[in-house]
Amino acid sequence: MVDQGHDQTTDGSPGESIDFIREKVVADNAAGRFGGRVVTRFPPEPNGYLHIGHAKSICLNFGIANDFDGSCNLRFDDTNPETEDHEYIEAIIDDLAWLGFTPAGEPKYASDYFEQLYTWAESLIERGLAYVDDQDAETISAQRGGFGQPGVESPHRDRQPEENLGLFRQMRDGAFADGEKVLRAKIDMQAENMQLRDPVLYRIRRVPHVRTGDDWIIYPTYDWAHGQSDAIEGITHSICTLEFADHRPLYDWCLAQLDLPSDKPEQTEFARLNLTHTVTSKRKLKELVDTGSVDGWDDPRMPTIRGMRRRGYPPAAIRAFMDQIGVAKTNSTVDVELLESFIRTELNDTAPRRMGVVKPLKVIIDNWPEGQVVMVEAPNHQANPEAGTRQVPFSGELWIEEDDFKLEPPPKYYRLSPGQEVRLRAAFFITATHVDTDADGNVVAVHCNYDPESEGGQAPDGRKVKATMHWVSAPHAVDATVHLYDRLFIDDPEGTEGSETDPAQVLNTGARETTAAKLEPALADCQPGDVVQFERLGYFAADLDDSTVFHRTVGLRDEWANLQKRRDNTQGSGKQKGSGQNKNKKNQQKQKNAKSQ
RNA sequence: UCCCGGGUAGUUCAACUGGUAGAACACUGGACUUUGAAUCCAGCCGUUGCAGGUUCGAAUCCUGCCCCGGGAGCCA
């Protein structure tokens, strides 16, 4: 298994802190359960693209397999032909590989087991443990009862095995219309756990299946397929999210009815990942795509694997993040800032440094010899001399960042302003003298003088400047389109989960700002997907299709921006940070409770 | 209303299963700096949901309560 970045091995030695699932595995191994084998699986339904939430499950399942010298399968849970598609299968295989994980053997499919599942269903019927019900979905649902309310047994519940077997075979052979009959497990209509009130095992659906085409018109439900698929593949630890906890008794019941060659797999649930400012609901993400709120599943603003890939997130950083947040049963919301901090940490080590001006302002050096161009040598990575240097052209006409000049500098501003001397990175000291303005009084160019003695960025007299700024020589600049991103969602969008709030309402329509940037010539050599640091601005990824387009992966930490934000906050509205949100959440919950009672 | 799960710094997780509640991120300050970055040091943050009980000693065990999440698809 390919597995960069996971050097952690777990032997359960005391002092080492491991999550509750790994603890369980350690205990199982110590007890000799499963003969010491550890086999997990990642079981997506191929009905959408993978997102950051799936990445947690992937890292968990593959991580455990790796830690315990086991293996992890990729299995498509393709039991519902209505929503599934090849497009998704291929994308999932691709995304998984990109994340850095290699499944054991070929991808598996629940549909590979349809025949076996069918045979097992017949054996259930023969033993009087399942029956064919003629009632429609609405009736079955009503009879199921409610929380604390008794269930009502179907009039067909006591059909004899021979009759059930005949009907079930007719179901498979097409004698009935879609929805006319179902196969149900005969468990307990009074069970406190709703999942046990005679759950549906098979339904009739005349929809071509991605893989089996028209071979079948009856399809097993999740509950009848999942545990058995695990068992067939010899899965030992079946790890899923919390909402399946109520299904566990059913998972166990199904397996208990069957004669299995090996130990029964064990289901364990963990809390799914919630991120602030992020939606991780397939339905809502699809809505964003369908309504054109984003460019597609791979829009760099999307929390999909493909979105993050286009955005320039390194897979190693995503893995490290998942290791850090750990695994628990507590419902929790992780701050996206933590993810971003891992992205920065990784990119800080790996991304070559370059200069790019994202919002250009013209600088004219009045005392620069007309037409002269010199090459200056700039390091590719300050902290890593092995990364080498590059030659960057310098001339009398430059682009600098709009934010780096102020006609009237605020306190503690030590970038360029009239009379202020600054260093241009790896080049010269310059001092602003005067500006050109347009008819509206906007600054269109800053005139400066340079110090010829300061070549390379150091004055012979040893005088210091407070600011070092990036720049690009105007005649040599490479034009590029740069996308700057903000959070896709203004507020915590998962707070609206359960209500019918349109994700579009919390959508930050200003999440993408596009600028015409001026880049140093070396940036023309970027290959699609390359991620570099534009010094002082952040990390930028060359687009996968067009490497003259750059996406800002993540900005650098910016203390100057923080300082200004704080200044604004203390001056203006004294808005509290967390309390408002919490209150909203509580109110929503109250409303929700009121509704359901 | 019934069942299941959960509640520990701002956030995510720890706490060798009864022995001084720690780490990361965030935040604050300092050092260094040709990125207001990175790096390095230091600091701040806790009535462990609440109230009782057992104990020399409780985040941990017991009782009651509160709050949050999930569950009544022929979705997964």
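All values derive from a computational prediction rather than experimental measurement. Every chain is numbered from 1 and lettered A, B, ... according to where its sequence line falls, protein lines coming before strand lines.
Taking atom P in both B:C16 and B:U60, the straight-line distance is 13 Å, to the nearest Å. Taking atom C1' on both B:U8 and B:A31, the two are 34 Å apart, rounded to the nearest angstrom. Between B:A38 and B:U47, the distance separating the two C1' atoms is 40 Å to the nearest Å. Using C1' as the reference atom, B:U11 and B:A76 are 30 Å apart when rounded to the nearest Å. Rounded to whole Å, the separation between the C1' atoms of B:U48 and B:G43 comes to 23 Å. Taking atom C1' in both B:G22 and B:U33, one finds a spacing of 32 Å when rounded to whole Å. Comparing B:A23 with B:C44, their C1' atoms are spaced 15 Å from each other, to the whole Å. Straight-line distance between the P atoms of B:C27 and B:A59: roughly 31 Å, to the nearest whole Å.
Rounded to the nearest 0.5 angstrom, A:Glu180 CD and A:Met171 CE are separated by 10.0 Å. To the nearest 0.5 Å, the span separating CZ on A:Arg205 from CD1 on A:Ile218 amounts to 12.5 Å.
By the rule that a glycosidic angle within 90° of 0 means syn, B:G73 counts as syn. With its glycosidic angle within 90° of 0, B:U17 adopts the syn conformation.
When all heavy atoms are compared, the tightest approach of A:Pro379 to A:Arg390 is O-NH1, 3.1 Å. Taking both residues in full, the closest heavy atoms of A:Val531 and A:Ala351 are given as O-CB, 3.7 Å, listed atom of the first, atom of the second, then distance. Closest of all the heavy-atom pairs between A:Leu167 and A:Lys181 is CD2-CE, 4.0 Å.
Taking the six-membered ring where tryptophan is involved, the planes of A:Phe114 and A:Trp216 are perpendicular, since the angle between them exceeds 60° and thus also 30°. Ring-plane geometry between A:His209 and A:Tyr219 is classed as parallel, the angle between the planes falling under 30 degrees on a 0 to 90 degree scale with a further cut at 60.
Summarising the local packing, CZ of A:Arg272 is surrounded by 12 or fewer heavy atoms from other residues, nucleotides or ligands at distances under 6.0 Å. Counting heavy-atom neighbours within 6.0 Å of A:Glu138 CD, excluding the residue itself, gives a total of 12 or less.
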Atom pairs under 3.5 Å: protein N/O with N/O of nucleotides 39-50 of chain B:
none

Kindly give the atom pairs (protein nitrogen or oxygen, nucleotide nitrogen or oxygen) under 3.5 Å for nucleotides 74-76 of chain B.
from  : atom 1 : to       : atom 2 : distance (Å)
B:C74 : OP1    : A:Arg144 : NH2    : 3.2
B:C74 : OP2    : A:Arg144 : NH2    : 2.8
B:C74 : O3'    : A:Arg205 : NH2    : 3.3
B:C74 : O2'    : A:Arg205 : NH2    : 3.4
B:C74 : N4     : A:Gln135 : O      : 3.0
B:C74 : N4     : A:Ala137 : N      : 3.3
B:C74 : N4     : A:Gly179 : O      : 3.1
B:C75 : OP1    : A:Arg205 : NH2    : 2.6
B:C75 : OP2    : A:Arg203 : NE     : 3.2
B:C75 : OP2    : A:Arg203 : NH2    : 2.8
B:C75 : OP2    : A:Arg205 : NH1    : 2.5
B:C75 : OP2    : A:Arg205 : NH2    : 2.9
B:C75 : O3'    : A:Arg203 : NH2    : 3.2
B:C75 : O2'    : A:Asn80  : ND2    : 3.1
B:A76 : OP1    : A:Thr79  : OG1    : 2.7
B:A76 : OP1    : A:Arg203 : NH1    : 3.3
B:A76 : OP1    : A:Arg203 : NH2    : 2.8
B:A76 : OP2    : A:Tyr222 : N      : 2.9
B:A76 : O3'    : A:Asp77  : OD2    : 3.2
B:A76 : N6     : A:His247 : NE2    : 3.0

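Note on A:Gln458: a base of the nucleic acid sits closer than 4.0 angstrom, heavy atoms only. A:Glu23 comes within contact range of at least one nucleobase, with a heavy-atom separation under 4.0 Å. Contact annotation for A:Val327: backbone-only contact, meaning every heavy-atom pair under 4.0 Å involves sugar-phosphate atoms and none involves a base. In this structure, A:Tyr413 reaches the bases: a heavy-atom distance under 4.0 Å links it to at least one base atom across the strands shown. Heavy atoms of A:Lys412 sit under 4.0 angstrom from at least one base atom. Residue contacts for A:Ala426: at a heavy-atom cut-off of 4.0 Å it reaches a base atom on one of the strands shown. Within 4.0 Å of A:Tyr414, counting heavy atoms only, lies at least one base atom of the nucleic acid. Among the heavy atoms of the strands lying under 4.0 Å from A:Arg415 is at least one base atom, whether or not backbone atoms are also near. A:Gly457 comes within 4.0 angstrom of a nucleotide base, judged by non-hydrogen atoms across all strands.
Here the side chains of A:Phe489 and A:Thr278 are not in contact, with every heavy-atom distance at 4.5 Å or above. With contacts defined as side-chain heavy-atom distances shorter than 4.5 Å, the pair A:Leu183/A:Ile125 qualifies. Within the 4.5 Å cutoff, the side chain of A:Val422 has no heavy atoms near those of the A:Asp404 side chain.
Between the CD1 atom of A:Ile21 and the C1' atom of B:C13 there is a distance of 14 Å, given to the nearest Å. The distance between atom CG of A:Asp323 and atom P of B:A24, rounded to the nearest whole Å, is 16 Å. We find that CD1 of A:Ile343 is positioned 20 Å from P of B:A24, with the value rounded to whole Å. Whole-Å rounding puts the A:Arg22 CZ to B:A14 P distance at 11 Å. Atom CD1 in A:Ile18 sits roughly 17 Å away from atom C1' in B:A23 (whole-Å rounding). Whole-Å rounding puts the A:Met469 CE to B:U33 P distance at 21 Å. Following rounding to the nearest Å, A:Leu563 (CG) and B:G29 (C1') show an atom-to-atom distance of 13 Å.
In this structure, A:Arg463 pairs ionically with A:Glu421, as a charged nitrogen and a carboxylate oxygen lie closer than 4.0 Å.
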Original post:
How is the base pairing of RNA chain B summarised as a dot-bracket string, given the Watson-Crick and G-U wobble criteria with both distances under 3.5 Å, [ ] for crossing and | for another strand?
Top reply: .((((((..((((.....[..)))).(((((.......))))).....(((((..]....))))))))))).....

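Not a single ring pair (Phe, Tyr, Trp, His ring centres under 6.0 Å) links A:Tyr131 to another residue, sequence neighbours left out. With sequence neighbours left out, A:Phe394 forms a ring pair (Phe, Tyr, Trp, His ring centres under 6.0 Å) with A:Trp368, A:Phe428, A:Trp471.
Stacking annotation: A:Phe147 is not stacked on the base of B:A72 (requires ring centroids less than 5.5 angstrom apart and an interplanar angle below 30 degrees).
Between B:A24 and A:Gln324, no contact under 4.0 Å exists linking OP1 or OP2 to a side-chain N or O.
You'll find that the side chain of A:Met194 is closest to B:G71, out of B:G71, B:A26, B:C13.
Of the possible polar contacts, none joining the A:Asp451 side chain to the A:Phe429 backbone as a donor-acceptor pair under 3.5 Å is found.
Judged by distance alone, the side chains of A:Glu535 and A:Gln533 never bring a donor and an acceptor atom under 3.5 Å apart.
Place A:Asp335 and A:Gln533 on RNA chain B by their nearest nucleotides, and A:Asp335 ends up nearer the 5' end.
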Original post:
Taking protein heavy atoms under 4.0 Å as touching, what does nucleotides 3-8 of chain B look like 5' to 3' if B marks base contact, S marks sugar-phosphate-only contact and - marks none?
Top reply: S-SSS-

